[in-house]
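In what follows, a single structure is set out as structure tokens and then discussed.
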Number of protein chains: 2
Amino acid sequence: MFTLAEENYLKAIFHLEHDSAGEVSTNAIAESMDTRPSSVTDMIQKLAEKKLLTYKRYKGVKLTKEGIKVAANVIRKHRLWEVFLVEKLNFHWDEVHEIAEQLEHIQSEELITRLDKFLGSPDFDPHGDPIPDKHGVLKRTEKRLLSEIEKNQQGVCVGVKESSAEFLQYLDKKKISIGTKISVLGKEFFDGSMIIQVGADQFFISKMVAENLFVQTL
Amino acid sequence: MFTLAEENYLKAIFHLEHDSAGEVSTNAIAESMDTRPSSVTDMIQKLAEKKLLTYKRYKGVKLTKEGIKVAANVIRKHRLWEVFLVEKLNFHWDEVHEIAEQLEHIQSEELITRLDKFLGSPDFDPHGDPIPDKHGVLKRTEKRLLSEIEKNQQGVCVGVKESSAEFLQYLDKKKISIGTKISVLGKEFFDGSMIIQVGADQFFISKMVAENLFVQTL
DNA sequence: TTTTATATTTAGGCAAGACTAAAAAAATAT
DNA sequence: ATATTTTTTTAGTCTTGCCTAAATATAAAA
């Protein structure tokens, strides 16, 4: 149906649209895909012809209904495979991204239907990201960034914003994973750092960490 | 490591080497891959430079140790994924080939190690074909073609030579699958057809069928 | 507003992997 | 042994998806 490159562009644009509202710029796509702006221009012209996004020269792009559907489906496959890798093959959550990047391009409706069922139709992937349903609809949640939580409040970790292996390994070292209860004991206003409690341990985390952890307040 | 196209050529050549001894011809490769001889020449020259096969102009090719290893690994992945699809996702044995053709190219040693363990380190795929181990070694079996079995002997179906969906669906209709006991009641010499018994049913099968079913005699 | 900087697009090329058409080698037939 | 057929290779093209360099549009600064 679509080439690997096309699917990757649609996925990247989908993510960029969710991070920041409005049109997505050529440069932003190039940066997120580690490619050159000129290559991006080539591809978005091709995708515009296929009606997967709307494009006006110098004005950035926006996915069409169809483009959103295709992108969401790739993301659905990516996240379902991540669940498979973690739940069934016992991979750790910091090891699954690259493999899922490959598996997400396997073409078979039936495969995904059955995989979803085999996994018990999960709503979230191992990093707490929601899995779109067949129609591309995401389950919305009440999640907030840990950095938005006030002193003396507490929350349960429900996901990560960044999911680089480095960050996930840091979280492991601190014994933080999906479902972990976190209490905010103190907050420095000048640099956004925090003192938090996880289990019996109390420790310092930087603003960068607090801004990449999603929690649900209790 | 290797491109999708390279892996597919190596796999095709590996199979051709096993079907008929000696060098594999350009035309044979082209036919088995549904491509043009000139394309094959291009690719085998490239693979020869990479030392995956030996090639002399007009003389055909032969895989090197390294080429065999790479091909066997692709086949190992293909067959393991087929087991997964049938055993875990409840696909039928005639539905899994195309999907496994895609999955076989996923690059991750660790993935295959874990998948193999998850599946209980199977020795055979759903069609009865042996799964190479990590080193490319196939478990040898005593299987013979049903067509070689004499009247009044019996055997257990252990695999199929052809695994087209059409043939597998024919076998289903006749209630023949891996593990099914088959008794040869009669054999026509002039056309190679047979009368066989499967469970309580007795019926006629053509030479073509008998030549594509592997059995182990009892 | 004019200049400067930044973002984007165009033009032209490259590599992979396919193709067709034509040339050359090998195999087969006379 | 020569002629014919078949197989294989070479030469030249095409498409996809990327690149660099140069041109152009937009945005920011003076």
Side-chain angles (χ1 to χ4, degrees), chain A residues 1-14 16-17 19-63 67 70-71 74 101-102 104-105 107, chain B residues 1-14 16-17 19-63 67 70-71 74 101-102 104-105 107:
Chain A
M1 203 63 193
F2 299 99
T3 67
L4 199 144
E6 286 170 343
E7 288 193 346
N8 282 334
Y9 272 94
L10 292 171
K11 182 179 55 145
I13 295 166
F14 182 95
L16 289 168
E17 281 188 1
D19 290 357
S20 56
E23 272 73 28
V24 176
S25 76
T26 300
N27 259 15
I29 299 170
E31 183 158 353
S32 87
M33 298 192 64
D34 197 31
T35 185
R36 299 285 148 198
S38 57
S39 309
V40 174
T41 300
D42 282 352
M43 181 57 92
I44 61 187
Q45 287 174 348
K46 185 176 158 192
L47 293 174
E49 266 177 35
K50 293 194 178 187
K51 311 271 188 217
L52 293 165
L53 45 78
T54 56
Y55 164 64
K56 277 213 208 85
R57 274 176 21 277
Y58 296 101
K59 294 295 179 188
V61 300
K62 202 164 183 299
L63 294 179
V70 175
V74 174
E101 287 281 301
Q102 299 179 64
E104 72 188 6
H105 300 291
Q107 313 267 202
Chain B
M1 203 65 193
F2 299 99
T3 67
L4 198 145
E6 286 169 344
E7 288 192 348
N8 282 334
Y9 272 94
L10 292 171
K11 183 179 52 143
I13 295 165
F14 182 95
L16 289 168
E17 281 189 1
D19 290 356
S20 55
E23 274 73 26
V24 176
S25 76
T26 301
N27 261 14
I29 299 170
E31 183 159 355
S32 89
M33 298 193 64
D34 196 30
T35 186
R36 301 283 148 199
S38 57
S39 309
V40 173
T41 301
D42 282 352
M43 181 57 93
I44 62 187
Q45 286 174 349
K46 185 176 157 194
L47 293 174
E49 267 179 34
K50 292 194 177 186
K51 312 267 188 221
L52 293 165
L53 46 78
T54 56
Y55 164 65
K56 276 211 209 88
R57 278 186 3 290
Y58 297 98
K59 295 293 179 189
V61 301
K62 203 163 182 299
L63 294 179
V70 174
V74 174
E101 287 281 299
Q102 299 179 61
E104 73 189 6
H105 300 291
Q107 313 268 200

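Convention: sequence-line order gives letters A, B, ...; per-chain numbering from 1.
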Counterpart residues, side chain to side chain contact (heavy atoms under 4.5 Å, CB included), relative to [X] (two or more places apart):
X      : result
B:K59  : B:K56
B:Q102 : A:I106, A:Q107
A:K62  : A:E17, A:E23, A:T54

Acceptor/donor pairs from residues 2-12 of chain A side chains to any protein atom, 3.5 angstrom cut, sequence neighbours excluded:
{"unit_1": "A:T3", "atom_1": "OG1", "unit_2": "A:E6", "atom_2": "N", "d": "3.1"}
{"unit_1": "A:E6", "atom_1": "OE1", "unit_2": "A:T3", "atom_2": "N", "d": "2.9"}
{"unit_1": "A:E6", "atom_1": "OE2", "unit_2": "A:K46", "atom_2": "NZ", "d": "3.3"}
{"unit_1": "A:E6", "atom_1": "OE2", "unit_2": "A:K50", "atom_2": "NZ", "d": "2.8"}
{"unit_1": "A:E7", "atom_1": "OE1", "unit_2": "A:H105", "atom_2": "ND1", "d": "2.6"}
{"unit_1": "A:N8", "atom_1": "OD1", "unit_2": "A:H105", "atom_2": "NE2", "d": "3.0"}
{"unit_1": "A:N8", "atom_1": "ND2", "unit_2": "A:L4", "atom_2": "O", "d": "3.4"}
{"unit_1": "A:K11", "atom_1": "NZ", "unit_2": "A:E101", "atom_2": "OE1", "d": "3.2"}
{"unit_1": "A:K11", "atom_1": "NZ", "unit_2": "A:E101", "atom_2": "OE2", "d": "3.1"}
{"unit_1": "A:K11", "atom_1": "NZ", "unit_2": "A:E104", "atom_2": "OE2", "d": "2.8"}

Please state how far atom [atom1] in [X] lies from atom [atom2] in [N], giving the value in whole angstrom units.
X     : N      : atom1 : atom2 : value
B:F2  : C:dA16 : CZ    : P     : 14 Å
B:N8  : C:dA16 : CG    : C1'   : 14 Å
B:M43 : C:dA15 : CE    : C1'   : 12 Å
B:E6  : C:dA15 : CD    : P     : 16 Å
B:K56 : D:dT7  : NZ    : C1'   : 18 Å
A:L47 : D:dT16 : CG    : P     : 12 Å

Contacts of A:F14 meeting ring pair (Phe, Tyr, Trp, His ring centres under 6.0 Å) (sequence neighbours excluded), chain-then-number -> A:H18
So the side-chain hydrogen bond (donor to acceptor under 3.5 Å, both in side chains) pairs with at least one residue in residues 25-41 of chain A (sequence neighbours excluded) are none
Mind listing the N/O atom pairs, protein and nucleotides 22-25 of chain C, below 3.5 Å?
{"unit_1": "C:dA25", "atom_1": "O4'", "unit_2": "B:Y58", "atom_2": "OH", "d": "3.4"}

CG (A:L53) and CG (A:L47) are apart, to the nearest 0.5 Å, by 5.0 Å
What residues 19-30 of chain A contributes to the DNA chain D interface at heavy-atom separation below 4.0 Å is none
Between B:V24 and the options B:I44, B:V40, B:I29, the side chain to side chain contact (heavy atoms under 4.5 Å, CB included) test singles out B:I29
Worksheet item: Taking only side-chain nitrogens and oxygens of B:Y55, does any of them come within less than 4.0 Å of OP1 or OP2 of D:dT8?
Response: no
Residues in residues 32-42 of chain A with a heavy atom under 4.0 Å of DNA chain C, by number, are A:P37, A:S38, A:T41
Closest non-hydrogen atoms of A:L63 and A:A71, given as atom of the first, atom of the second and distance, are CD1-CB, 4.3 Å
Walking DNA chain D from its 5' end, the first of A:T3 and A:K59 to be reached, judged by nearest nucleotide, is A:T3
